[in-house]
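Accompanying notes for the structure given below.
These values consider heavy atoms only, across backbone and side chains, with no hydrogens, waters or symmetry-generated copies.
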Amino acid sequence: MPMRYDTTLKTLFQAPPPQLLQLLVGGQAHTMLTVEYPTVQMRRPDLVVRLTDGRLYHLELQSTNDPAMPWRMLEYFGLLCQSYGQPPLQQVLYVGEAPLTMLARLEYPTLSFQYEPIDIRTLDGAALLTSPSLEDNLLALLCRLQNPRVVVQRLLARIASLVGTARADALAKLVILAGLRRLHPLVREEIQQMPITINIQENPFLREIFEGGKQEGRQEGRQEGRQEEAAVLLGRLLERRFGPLPPWAQQQLAAADLASLETWGLRLLEATSLEEVLQTA
């Protein structure tokens, strides 16, 4: 999953989106479970919760048709069974643009395993728009939509009620997710019609979206915008994982190029320390 989509989607699942869980499993999260498995590689599932009816639920997000997905889900199945003493209900929520073609079953003489893949486009986006959770609202953009423009307008109306950095962060997430559905032109157009003032110049990523394509001479500025946006998102994920960042880490993020930020973003999924993520050698 590309870093920009990966980090944005994972931030939406730092708390379980309540309406999405209702659509997927007909229940609500009772307890958020922090799960990671130190093996040769660190294993951290995207979402593991205890549902109110007692079931153990495991969800993975996927934007590409990974042929190894059944094996990864089988590995998580065994680890979760060992940890919690019961088999988990497992689903993979596919958010990619291409049709869903991932295998969902393994069949061998001594092994039979399956999980449930769900293309998010089969879910009704209208149900997520009615949720009080902003995470649900934003994910509606990836679902089945009758009128994408109306959905974007409703999302922007919700975002307009936010203030300060919360508004800018939500708007950046909306624009990033719009890229998964090629809705950037529509989102740009509707943002320009918003009845509030947003200082685009203070957000390099949003500035790139608004001014992109005007002049080829702005390529360098757009690159800097992508780097700064990636650095901000990665910094927040690092703080959530390892706590407040020391000055050396903040300086390293600020000075990094886009390739380094993408590499560190991938390491974050498996590393056990801040130093391991940000190592340069």
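- Between F77 and F113, the ring planes lie perpendicular to each other; the angle is over 60°, past the 30° to 60° tilted range.
- Looking at R55, its side chain never comes within 3.5 Å of a backbone N or O of P87 through a donor-acceptor pair.
- Pairing each heavy atom of S131 with each of N137, the nearest pair is O-ND2, 3.0 Å.
- Grouping the Ile, Leu, Val, Met, Phe, Trp and Tyr side chains by contacts below 4.5 angstrom, directly or via other members, places L93 with L51.
- The distance from the OH atom of Y76 to the CZ atom of R44 is 10.0 Å, given to the nearest 0.5 Å.
- The heavy-atom pair separating R181 from G96 by the smallest distance is NH1-O, 3.4 Å.
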Worked verdict on R72 versus Q62 for side-chain contact (heavy atoms from CB on, under 4.5 Å): CA-CA 12 Å; R72 195 189 333 164; Q62 189 67 24; 3.5 Å; yes
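- With a 4.5 Å cut-off on side-chain heavy atoms, L238 and L278 count as touching.
- For P16, the side-chain contact (heavy atoms from CB on, under 4.5 Å) partners at least two apart in sequence or on another chain are L21, A29, M32, L47, V49.
- Residue E107 places its CD atom among more than 12 non-hydrogen atoms of other residues, nucleotides or ligands, all under 6.0 Å distant.
- Residues satisfying the salt bridge (Lys or Arg N to Asp or Glu O under 4.0 Å) test with R149, not counting sequence neighbours, are E189, E190.
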Test side-chain contact (heavy atoms from CB on, under 4.5 Å) applied to L128 and L123, step by step: CA-CA 9 Å; L128 297 183; L123 303 180; 5.7 Å; no
